[in-house]
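Okay, here's the structure, questions in a sec.
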Amino acid sequence: MNKLREKIFDWYLKRQTVRQVVMYPWKDIRSIVILHEGHAVGKWVQQLQREGKQVYEIVIPDKKNICWLTEMPKKEVREAIQARHYDLLIDLTQQSSITMKYMAMYIKAGFKTGRDIGKNIYDLSIDTPAQDSPDFLYEQIVKYIQMFTKG
C-alpha cells in the first residue's frame with residue numbers, strides 16, 4: 001500500500017505548477033512557517049520573533065483530516081494551508097510520512113527547506129539522518145540560509 005501511496009504522491013508532485021523561488025537575505029525574511037510533527041518549537045519561534053519575523057506553525061493533521069487511501073490531507077486542510085503565503089518554509093519533520101510530504105508540497109512559500117527526503121519538494125535540502133534531532137536540522141537550515149544569502 002505504501003508503494004501505491006508514493007506513486008500517487010509522485011503523480012501529484014509532477015503536476016504541481018512551477019513556482020518562482022525567492023530566497024531573501026535572512027534579515028529580510030518576514031514570515032516563516034515551521035512544519036513539524038508536534039515537536040517543542042517554542043524556543044525557535046521566540047528567537048525568530050525577537051528578530052522581527054512572523055512565525056507560524058503547522059503540525060500534522062489528525063487522522064480524521066487525512067484521506068485513508070492516499071494519506072493526503074483533506075481538501076479543507078489543503079485549502080487552509082494554501083490560503084497564506086510565507087517567505088520561508090522550514091520543514092522539521094523527522095518521519096518521512098506521505099502526509100507531511102503533501103503538507104510541504106502544498107504550503108505556499110518563496111523558499112522551502114527541510115531534510116533531504118529524495119523528492120523535489122525543497123529548494124534547499126539538508127542531508128542529515130532522520131534520527132538527528134530537530135534542533136540539529138533547524139540549526140543547519142538557518143546556518144546555510146544565512147551563509148548563502150550573507151544576511
Side-chain angles (χ1 to χ4, degrees), residues 6 8-62 65-66 70-151:
E6 280 290 335
I8 294 170
F9 173 81
D10 289 342
W11 186 85
Y12 275 100
L13 184 61
K14 287 178 187 173
R15 279 143 188 83
Q16 284 295 300
T17 57
V18 177
R19 63 183 184 83
Q20 183 174 356
V21 176
V22 180
M23 185 176 192
Y24 297 105
W26 184 257
K27 63 181 176 38
D28 294 335
I29 294 173
R30 295 290 166 239
S31 61
I32 298 174
V33 59
I34 299 175
L35 180 63
H36 62 94
E37 300 152 316
H39 306 297
V41 298
K43 62 184 173 188
W44 304 317
V45 170
Q46 290 173 357
Q47 173 191 351
L48 293 168
Q49 287 174 335
R50 282 193 299 271
E51 294 179 26
K53 300 174 187 334
Q54 292 180 322
V55 184
Y56 305 87
E57 293 179 57
I58 298 178
V59 296
I60 189 167
D62 32 355
N65 290 315
I66 299 172
T70 61
E71 291 189 3
M72 177 191 298
K74 290 187 176 176
K75 183 179 179 182
E76 304 81 38
V77 175
R78 293 192 314 264
E79 288 174 349
I81 62 176
Q82 290 180 315
R84 181 170 198 87
H85 186 275
Y86 308 94
D87 294 334
L88 174 64
L89 161 66
I90 298 176
D91 184 350
L92 297 177
T93 57
Q94 289 185 279
Q95 305 302 318
S96 184
S97 80
I98 297 287
T99 302
M100 296 308 269
K101 289 177 189 177
Y102 278 113
M103 301 286 284
M105 180 178 69
Y106 284 120
I107 290 173
K108 291 181 180 179
F111 195 78
K112 295 181 178 187
T113 184
R115 185 180 317 279
D116 185 5
I117 58 172
K119 302 288 181 185
N120 191 18
I121 298 174
Y122 307 115
D123 306 308
L124 171 65
S125 296
I126 306 295
D127 187 14
T128 180
Q131 66 266 23
D132 283 346
S133 72
D135 290 323
F136 179 77
L137 180 59
Y138 175 82
E139 291 164 6
Q140 295 301 303
I141 287 171
V142 172
K143 176 178 96 173
Y144 283 111
I145 290 174
Q146 290 175 340
M147 182 173 47
F148 292 145
T149 63
K150 305 207 184 343

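Hydrogens, waters and symmetry mates are skipped; everything else that's a heavy atom, side chains included, is used.
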Interatomic distance, N65 atom CG to K75 atom NZ [nearest 0.5 angstrom]: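 Between atom CG of N65 and atom NZ of K75 there are 14.5 Å.
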
Side-chain touch I126/L137, heavy atoms, less than 4.5 angstrom: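 In contact.
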
Any side-chain heavy-atom pair of I145 and L88 under 4.5 Å: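 The answer is yes; the side chains approach within 4.5 Å.
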
Evaluation steps, side-chain contact (heavy atoms from CB on, under 4.5 Å), between V41 and V55: CA-CA 11 Å; V41 298; V55 184; over 6 Å; no

K43 side chain near Y138 side chain, heavy-atom distance below 4.5 Å: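 No, every pair of side-chain atoms sits at 4.5 Å or beyond.
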
Worked verdict on D123 versus R19 for salt bridge (Lys or Arg N to Asp or Glu O under 4.0 Å): CA-CA 11 Å; D123 306 308; R19 63 183 184 83; 2.6 Å; yes

From Q146 atom CD to I29 atom CD1, the distance as rounded to the nearest 0.5 Å: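 Those atoms lie 8.5 Å apart.
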
Side chain to side chain, M72 and T99, heavy atoms closer than 4.5 Å: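 When only atoms from C-beta onward are counted, T99 and M72 do not touch, as no gap falls below 4.5 Å.
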
Pairwise side-chain contact, I66 with K74, heavy-atom cut-off 4.5 Å (strictly under):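 Side-chain contact under 4.5 Å: no.
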
Working for side-chain contact (heavy atoms from CB on, under 4.5 Å), residues F111 and V22: CA-CA 6 Å; F111 195 78; V22 180; over 6 Å; no

Donor-acceptor contact below 3.5 Å, side chain K112 vs main chain I107: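 Yes, the answer is positive, given that a donor and an acceptor are paired below the 3.5 Å cut-off.
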
Min side-chain heavy-atom separation E6-K101 under 4.5 Å: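 When only atoms from C-beta onward are counted, K101 and E6 do touch, with a gap below 4.5 Å.
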
Side-chain touch Y86/K108, heavy atoms, less than 4.5 angstrom: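 They are not in contact (no side-chain heavy atoms under 4.5 Å apart), so the answer is no.
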
N120 atom CG, over 12 foreign heavy atoms within 6.0 Å: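 No, because the 6.0 Å sphere around CG of N120 holds 12 heavy atoms or fewer from other groups.
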
Approximate separation, where rounding is to 0.5 Å, of E57 CD and I90 CD1: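 CD1 of I90 is found 11.5 Å from CD of E57.
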
Heavy-atom pair of closest approach, residues I60 and S97: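 That closest heavy-atom pairing would be CD1-OG, 4.3 Å.
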
Close side-chain approach of M100 and L35, heavy atoms under 4.5 Å: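 Yes, side chains in contact.
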
Least distance between heavy atoms, I32 atom then K53 atom: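 Heavy atoms of I32 and K53 come nearest at CD1-CD, 3.6 Å.
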
Over all atoms of both residues, closest heavy-atom pair of A109 and H85: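 In terms of heavy atoms, the two residues are closest at C-NE2, 3.8 Å.
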
Interatomic distance, Q47 atom CD to W44 atom CH2 [nearest 0.5 angstrom]: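 Between Q47 CD and W44 CH2, I get 10.0 Å after rounding to 0.5 Å.
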
CA sep, side-chain torsions, deciding dist, call: F9, Y102, ring pair (Phe, Tyr, Trp, His ring centres under 6.0 Å): CA-CA 7 Å; F9 173 81; Y102 278 113; 5.0 Å; yes

Backbone of A104 reached by a side-chain donor or acceptor of D91 within 3.5 Å: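 No; judged by distance alone, with no hydrogens or angles, the pair does not exist.
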
Minimum heavy-atom distance between P61 and V77, given as atom pair plus value: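 Where P61 meets V77 most closely, the heavy atoms are CG-CG1, 4.3 Å.
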
From CA spacing to verdict: side-chain contact (heavy atoms from CB on, under 4.5 Å), I58, I81: CA-CA 8 Å; I58 298 178; I81 62 176; 3.8 Å; yes

Spatial distance of atom CH2 (W26) from atom CZ (F148) [nearest 0.5 Å]: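 Taking CH2 in W26 and CZ in F148, the distance rounds to 13.5 Å.
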
Where D127 and D116 come nearest, the two heavy atoms and their spacing: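 Minimum heavy-atom separation between D127 and D116: CA-CB, 4.0 Å.
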
Where R115 and Y122 come nearest, the two heavy atoms and their spacing: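 Smallest interatomic distance, heavy atoms only, reads O-CE1, 3.4 Å.
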
Evaluation steps, side-chain contact (heavy atoms from CB on, under 4.5 Å), between L124 and Y144: CA-CA 9 Å; L124 171 65; Y144 283 111; 4.0 Å; yes

Between CE on residue M105 and OH on residue Y12, distance to nearest 0.5 Å: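 Output value for this atom pair is 8.5 Å.
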
